[in-house]
Novice: 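The structure under discussion is supplied below as structure tokens; questions concerning it will follow.
Letters go in sequence order (proteins before strands), and every chain restarts at 1.
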Amino acid sequence: MKRGAAHRIVLTALAWAAALAVAFPLLWTFITSFKPELEAVAFPPRLTGVDWTLENYRTVLDEGGYARSALNSVVIAGASTLAAMALAIPAAWAMAFAPTPRTRGLLLWMLSTKMLPPVGVLMPIYLIYRDAGLLDTRAGVILLLALGNLPVLVWMLYTHFREVPGEVLEAARLDGASVVQELTQVLLPLALPGLASAFLLIFTLGWNEAFWTLNLTSTEAAPLTAFMATFSSPQGLFFGRLSAASILSILPIVAIGWFCQRQLVRGLTFGAVK
Amino acid sequence: MTVRASRHARRLGRLLVTPSVVALLAWMIVPLAMTLWFAALDYRLLDAGPARFAGLANFAALLADPGFYAAVITTLYLLALALALSVGGGLVLALLLDVAAFGRGALRVLVISPFFVMPTVAALVWKNLMMSPVSGVLAWIAQGLGLPAFDWFAHAPLVAVAIIVAWQWLPFAALIFLTALQSLDSEQREAAQLDGAGPIAMLRYLTLPHLARPAAVIVMIETLFLLSLFAEIFVTTGGGPGNATTNLAFLIYQQALQSYDVGGASAAGLVAVVLANIVAFFMVRLIGRSLTA
């Protein structure tokens, strides 16, 4: 028994070491973001005697670009998620509570649309957008992201609704609840946590989407993914500034991600792992 | 009475599903049909002349282009390397996290974080802060071990990109393995222990077989995303040096938005669609089976 306990302590220590190693690049970016530029590229790096500063953050925020891109990210991720929700909630509700013989096939077909590689349709989308004046517009990106995430969202909500016990709804119906009452007073409170975490997960996917945003935006509609791409060269040589901009671009979304990590498994494996 | 109610419900159901179906149908069929049509055209945006029908000429040009084969091989190489690193690493992490005695919540937060980092940030942080041969952390570690600094992006650019991508997907694999591990029946574990199974035997005959299915799901989902890997290459190597890190997605991007060769890009795009569909076929079957279960 004693040997087992010792083993467990060693394994726990190993788990902590491995987890810290995985998160290390982010921790390091965080630390570097508070170093003056000269310290940020110093070799070997120093952790003591550094003149810690907020200057990098000030520079990133003052130079503009960041604020507009952050706003674009919020609008693009938010609006595309809301649009997808508006389509997905009724569809998932219907498939979960009024299934037909075709529901299963429909769900799998929706899933298969998610498997279309975006690059396979880059050329037509680019030309359609060019002719419709949608290049470098938020509306254009919102439309694509909403469609791209729609199947994932339908699946997440479908598996959620399926977990609402049918007896609860039946009891409400027997008590004489109308369809509207059934929806707003029984189903909604039961499904609300699921809807919220589905919203957050799709929001993070939209925030981080980096194929359409990089290819179809340039200045006006560029979200943070595209803003960060401008650091690829030669600005990226300013490690302090790069770190500060990185932290500013990822911190809110990583924090949201922590809250919806359980949803992640369900949402991205389409219910195949429970 | 109930029959009428359910018929009513079904009609309502169809009405509610229709908008999603129409949207997805349009999203799938219109661009795909256009890609198919463009692939048969000699259509270059930089040429003044009109597009001409070219039959299979674009495909012939593609098959005659050594760059195309190089891109397919690069795609598969990146896929294999990133999969091996992320699935292998994720499995080890999940097994460790599953037995950790304290701080499980904090461990999960640490491990899951990279998954929510946008690709452009992940790639730039790794390229500059981690892998820079002049002032990166890896060079620092190498120095500590008495080794010369290694210039990842000059000498092993594909491995470097694969490491970045694997770092982003490792949390996903770990989290799914962990979820599966925690659904492993504790009664089964106890029974096996009572039968005298040691930790190695438990792992070999109980845990790993239980993880086969989640592993298949992870591999397929990652494959779908990794086949269209783009942003990480875009911000780190730009497909280079030479075409060392030009995968199929990046090749299509170059043909489409740098050379403006609509026909060529569309033909290559169709190849990407076919590749993804091979994976999708198996994946839909696997998921369909779990839907009935």
Novice: B/Leu124 vs A/Ser232, test: side-chain contact (heavy atoms from CB on, under 4.5 Å). Steps then yes/no.
Specialist: CA-CA 7 Å; B/Leu124 289 172; A/Ser232 55; 4.1 Å; yes
Novice: Got a second to check how far B/Leu107's CG is from A/Leu20's CG, nearest 0.5 Å?
Specialist: 8.0 Å
Novice: Using a 3.5 Å distance criterion without hydrogens, assess whether the side chain of A/Thr12 forms a donor-acceptor pair with backbone atoms of B/Phe102.
Specialist: no
Novice: To the closest 0.5 Å, what do you measure between OG (B/Ser132) and CZ (A/Phe43)?
Specialist: 8.5 Å
Novice: Give, as side chain, backbone, both or neither, the part of A/Leu251 having an atom under 4.5 angstrom from any heavy atom of chain B.
Specialist: neither
Novice: With a 4.5 angstrom heavy-atom cut-off, is it the side chain or the backbone of A/Ile253 that approaches chain B, or both, or neither?
Specialist: both
Novice: Of the backbone (N, CA, C, O) and the side chain (C-beta and beyond), which part of B/Leu175 lies under 4.5 Å from a heavy atom of chain A, both, or neither?
Specialist: both
Novice: What's the verdict on side-chain contact (heavy atoms from CB on, under 4.5 Å) for A/Phe231 and B/Asn128, showing C-alpha distance, side-chain angles and the deciding distance?
Specialist: CA-CA 10 Å; A/Phe231 280 82; B/Asn128 295 307; over 6 Å; no
Novice: Is there a side-chain contact between B/Val21 and A/Met110 (heavy atoms, below 4.5 Å)?
Specialist: yes
Novice: If I measure from the heavy atoms of chain A, does B/Phe281 come under 4.5 Å with its side chain, its backbone, both, or neither?
Specialist: neither
Novice: Calculate, to the nearest 0.5 Å, the distance between atoms CG and CZ belonging to B/Leu229 and A/Phe211 respectively.
Specialist: 11.0 Å
Novice: Are the side chains of A/Pro25 and B/Leu129 in contact, using a 4.5 Å heavy-atom criterion?
Specialist: no
Novice: Which bit of B/Ala123 is near chain A, if near means a heavy-atom gap under 4.5 Å: side chain, backbone, both or neither?
Specialist: neither
Novice: So which of B/Val279, B/Leu97, B/Leu45, B/Leu170 has the largest heavy-atom pair count under 4.5 angstrom toward chain A?
Specialist: B/Leu45
Novice: Using side-chain heavy atoms (C-beta onward) and a distance below 4.5 Å, is B/Arg14 in contact with A/Arg102?
Specialist: yes
Novice: Measure the CH2-CE distance between A/Trp28 and B/Met130 for me, rounded to the nearest 0.5 Å.
Specialist: 7.5 Å
Novice: Is there side-chain contact between B/Leu110 and A/Val22, with at least one heavy-atom pair below 4.5 Å?
Specialist: no
Novice: Which bit of A/Leu11 is near chain B, if near means a heavy-atom gap under 4.5 Å: side chain, backbone, both or neither?
Specialist: both
Novice: Is A/Ser243 close to chain B through its backbone or its side chain, or both, or neither, when contacts mean heavy atoms under 4.5 Å?
Specialist: side chain
Novice: Mind ranking A/Arg162, A/Glu209, A/Met123 by heavy-atom pairs under 4.5 Å with chain B and telling me who comes out on top?
Specialist: A/Met123
Novice: Relative to chain A, which segment of B/Leu178 carries a heavy atom at a distance below 4.5 Å: side chain, backbone, both, or neither?
Specialist: neither
Novice: Identify which part of A/Ser246 has an atom lying under 4.5 Å from any heavy atom of chain B, answering side chain, backbone, both or neither.
Specialist: both
Novice: Which one wins on heavy-atom pair count under 4.5 Å against chain B: A/Leu150, A/Leu116, A/Thr100, A/Thr204?
Specialist: A/Leu150
Novice: Could you go through A/Leu127 and B/Tyr43, starting from their C-alpha distance and side-chain angles, then the distance that decides it, and tell me whether this counts as side-chain contact (heavy atoms from CB on, under 4.5 Å)?
Specialist: CA-CA 12 Å; A/Leu127 290 177; B/Tyr43 182 11; 4.1 Å; yes
Novice: In terms of heavy-atom proximity below 4.5 Å to chain B, should A/Ala88 be classed as side chain, backbone, both, or neither?
Specialist: backbone
Novice: Run the side chain to side chain contact (heavy atoms under 4.5 Å, CB included) test against A/Phe30 and tell me which residues pass, sequence neighbours left out.
Specialist: A/Phe34, A/Ile247
Novice: Angle class for the B/Trp27/A/Trp212 ring planes (parallel below 30°, perpendicular above 60°, tilted otherwise)?
Specialist: perpendicular
Novice: So do the side chains of B/Val30 and A/Pro124 get within less than 4.5 Å of each other, counting heavy atoms only?
Specialist: no
Novice: How close do A/Val119 and B/Ala249 get, heavy atom to heavy atom, and via which atoms?
Specialist: CG2-O, 3.5 Å
Novice: The test is side-chain contact (heavy atoms from CB on, under 4.5 Å); show your working for A/Leu214 and B/Phe234 and say whether it passes.
Specialist: CA-CA 9 Å; A/Leu214 287 180; B/Phe234 182 78; 3.8 Å; yes
Novice: State which residues pass side chain to side chain contact (heavy atoms under 4.5 Å, CB included) with A/Ala83; sequence neighbours excluded, sorted by chain then number.
Specialist: A/Ala146
Novice: Who wins among A/Ala94, A/Ala23, A/Pro117 for the most heavy-atom pairs under 4.5 Å with chain B?
Specialist: A/Pro117
Novice: Chain B heavy atoms under 4.5 Å from A/Ile128: which part of the residue, side chain, backbone, both or neither?
Specialist: side chain
Novice: I need the residue from A/Ala229, A/Pro45, A/Ala13, A/Ala18 with the largest number of non-hydrogen atom pairs under 4.5 Å to chain B.
Specialist: A/Pro45
Novice: With only heavy atoms counted, which part of A/Trp93 is less than 4.5 Å from chain B, the side chain, the backbone, both or neither?
Specialist: side chain
Novice: Taking everything shown except A/Leu47 itself, do over 12 heavy atoms lie less than 6.0 Å from its CG?
Specialist: yes
Novice: Under 4.5 Å from any heavy atom of chain A, what part of B/Val217 do you find: side chain, backbone, both or neither?
Specialist: side chain
Novice: At a 4.5 Å cut-off on heavy atoms, which part of B/Ile176 comes close to chain A: side chain, backbone, both, or neither?
Specialist: both
Novice: What part of A/Leu122 gets within 4.5 angstrom of chain B, counting heavy atoms only: side chain, backbone, both, or neither?
Specialist: side chain
Novice: Tell me, for A/Thr29 versus chain B, whether the close heavy atoms (under 4.5 Å) come from the side chain, the backbone, both or neither.
Specialist: both
Novice: Please check if the number of heavy atoms outside B/Trp37 that lie under 6.0 Å from its CH2 is greater than 12.
Specialist: no
Novice: Which bit of A/Tyr158 comes within less than 4.5 Å of chain B, counting heavy atoms only: side chain, backbone, both or neither?
Specialist: side chain
Novice: Using non-hydrogen atoms only, which part of B/Tyr260 is less than 4.5 Å away from chain A: side chain, backbone, both, or neither?
Specialist: side chain
Novice: So which part of A/Ile256 gets closer than 4.5 Å to some heavy atom of chain B, the side chain, the backbone, both or neither?
Specialist: neither
Novice: In Å, rounded to the nearest 0.5 Å, how long is the span from CE of A/Met115 to CG of B/Leu227?
Specialist: 12.0 Å
Novice: Do you know which of A/Ala40, A/Pro99, A/Ala19 has the most heavy-atom pairs with chain B at a distance under 4.5 angstrom?
Specialist: A/Ala19
Novice: Within this structure, what is the CZ-OG1 distance for the pair A/Phe227 and B/Thr120, rounded to the nearest 0.5 Å?
Specialist: 10.5 Å
Novice: Of all heavy-atom pairs between B/Phe230 and A/Ala210, which one has the smallest distance, and what is that distance?
Specialist: CD2-O, 4.0 Å
Novice: Write down the atom of A/Ser112, the atom of B/Val284, and the distance for their closest heavy-atom approach.
Specialist: CB-CG2, 4.3 Å
Novice: Report which part of A/Ile89 has an atom under 4.5 Å of a heavy atom belonging to chain B: side chain, backbone, both, or neither.
Specialist: neither
Novice: Among B/Val271, B/Val111, B/Val137, which residue forms the greatest number of heavy-atom pairs with chain A at distances under 4.5 Å?
Specialist: B/Val137
Novice: Is it the backbone or the side chain of A/Ile250 that comes under 4.5 Å from a heavy atom of chain B, or both, or neither?
Specialist: side chain
